Amino acid sequence: MKLGQKISDREKQKRIIVRIEGAYMTENRRSTYTALEEVNMLWDLQQVFEFDQLWKDGLTIEALAEKFGRHIDDIEILAKDRIKKGKINYRNKWEKIIFTRAAMFTSNTDE
């Protein structure tokens, strides 16, 4: 670019993107894959409190999925999160086996 020449908005955007990527991206990748992209991990806080109570009341994972209009994977991820945070407990040995087996592959530092 020549001195005094104006740059387009598109060129400004490109330069900003390069600066942001340089500041925040720690690894360069040619292509990426997002695991569990289809799992909805966003919950309304009121739904979380309701989930905790319904879990304690004994609703099955399938019943919870139907109640909240969510996929079973969404329910299982929330249950794992709430168990890990001590808000709910395992209700039977099978849940403990399923949730702890998955936890064997996670770091102790991720909270």
Side-chain angles (χ1 to χ4, degrees):
M1 176 162 287
K2 295 180 182 176
L3 188 60
Q5 184 179 359
K6 285 189 168 187
I7 59 173
S8 68
D9 288 341
R10 182 77 174 137
E11 185 62 30
K12 287 178 187 177
Q13 289 174 347
K14 286 181 186 177
R15 290 180 182 189
I16 291 169
I17 290 169
V18 168
R19 280 193 298 219
I20 290 171
E21 286 175 345
Y24 295 102
M25 293 185 72
T26 59
E27 296 180 34
N28 290 329
R29 295 183 175 95
R30 286 191 309 232
S31 60
T32 59
Y33 171 82
T34 303
L36 298 174
E37 184 175 15
E38 64 281 356
V39 176
N40 183 355
M41 293 188 249
L42 299 176
W43 289 82
D44 178 272
L45 197 52
Q46 188 59 41
Q47 287 180 320
V48 173
F49 297 142
E50 184 178 2
F51 171 88
D52 289 352
Q53 187 58 54
L54 294 171
W55 179 272
K56 291 172 186 174
D57 291 344
L59 263 71
T60 65
I61 289 173
E62 294 81 6
L64 287 163
E66 187 173 329
K67 163 77 176 141
F68 290 105
R70 307 282 288 254
H71 192 275
I72 289 173
D73 291 344
D74 302 351
I75 302 299
E76 289 175 346
I77 294 290
L78 182 59
K80 182 170 177 52
D81 173 77
R82 303 305 284 165
I83 289 168
K84 190 171 185 177
K85 290 182 169 103
K87 302 299 182 182
I88 61 174
N89 297 308
Y90 302 110
R91 299 176 297 186
N92 58 55
K93 67 179 181 178
W94 302 113
E95 286 175 354
K96 188 168 186 174
I97 290 168
I98 291 167
F99 288 118
T100 56
R101 180 168 290 156
M104 290 188 311
F105 300 103
T106 61
S107 164
N108 289 336
T109 59
D110 62 348
E111 287 293 328

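Owing to the predicted nature of the structure, the values given are computational and were not obtained by experimental measurement.
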**Prompt:** Has the side chain of N40 got a donor or acceptor atom that lies under 3.5 Å from a matching backbone atom of L42?
**Reply:**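 Side chain of N40 to backbone of L42: a pair is present.
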**Asked** Backbone N or O of D57 within a donor-acceptor pair of the R91 side chain at under 3.5 Å?
**Response**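 Judged by distance alone, no pair lies under 3.5 Å.
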[X] versus [Y]: any side-chain heavy-atom pair under 4.5 Å?
X	Y	result
I17	K14	no
R70	Q47	yes
V39	H71	no
L54	F68	yes
W55	I83	yes
F51	K67	no

**Item:** Test log, rule side chain to side chain contact (heavy atoms under 4.5 Å, CB included), inputs R82 and V48
**Value:** CA-CA 9 Å; R82 303 305 284 165; V48 173; 3.4 Å; yes
**Asked** Heavy-atom count around E66 CD within 6.0 Å, excluding the residue itself: above 12?
**Response**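 Counting other residues, nucleotides and ligands, CD of E66 stays at 12 neighbours or fewer.
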**Item:** Residues D52, K56: salt bridge by 4.0 Å N-O rule
**Value:**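 Salt bridge flag = no for K56 with D52.
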**Asked** Less than 4.0 Å between a side-chain N and a carboxylate O, is that true for E11 and R15?
**Response**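 Looking at E11 together with R15, the answer is yes, because their closest N to O distance falls below 4.0 Å.
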**Prompt:** So if you build clusters from Ile, Leu, Val, Met, Phe, Trp, Tyr with side-chain heavy-atom gaps below 4.5 Å, do I77 and F49 land together?
**Reply:**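 No; tracing contacts between hydrophobic side chains, which count when under 4.5 Å, never links both residues.
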**Item:** Closest heavy-atom pair and its distance - A79, I88
**Value:**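 That would be O-CD1, 3.9 Å.
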**Item:** Spatial distance of atom CG (L64) from atom CG (D74) [nearest 0.5 Å]
**Value:**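 Spacing of CG (L64) from CG (D74) equals 12.0 Å.
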**Message:** Once rounded to the nearest 0.5 Å, what's the spacing between atom CG of D81 and atom NZ of K87?
**Reply:**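 Between D81 CG and K87 NZ, I get 10.5 Å after rounding to 0.5 Å.
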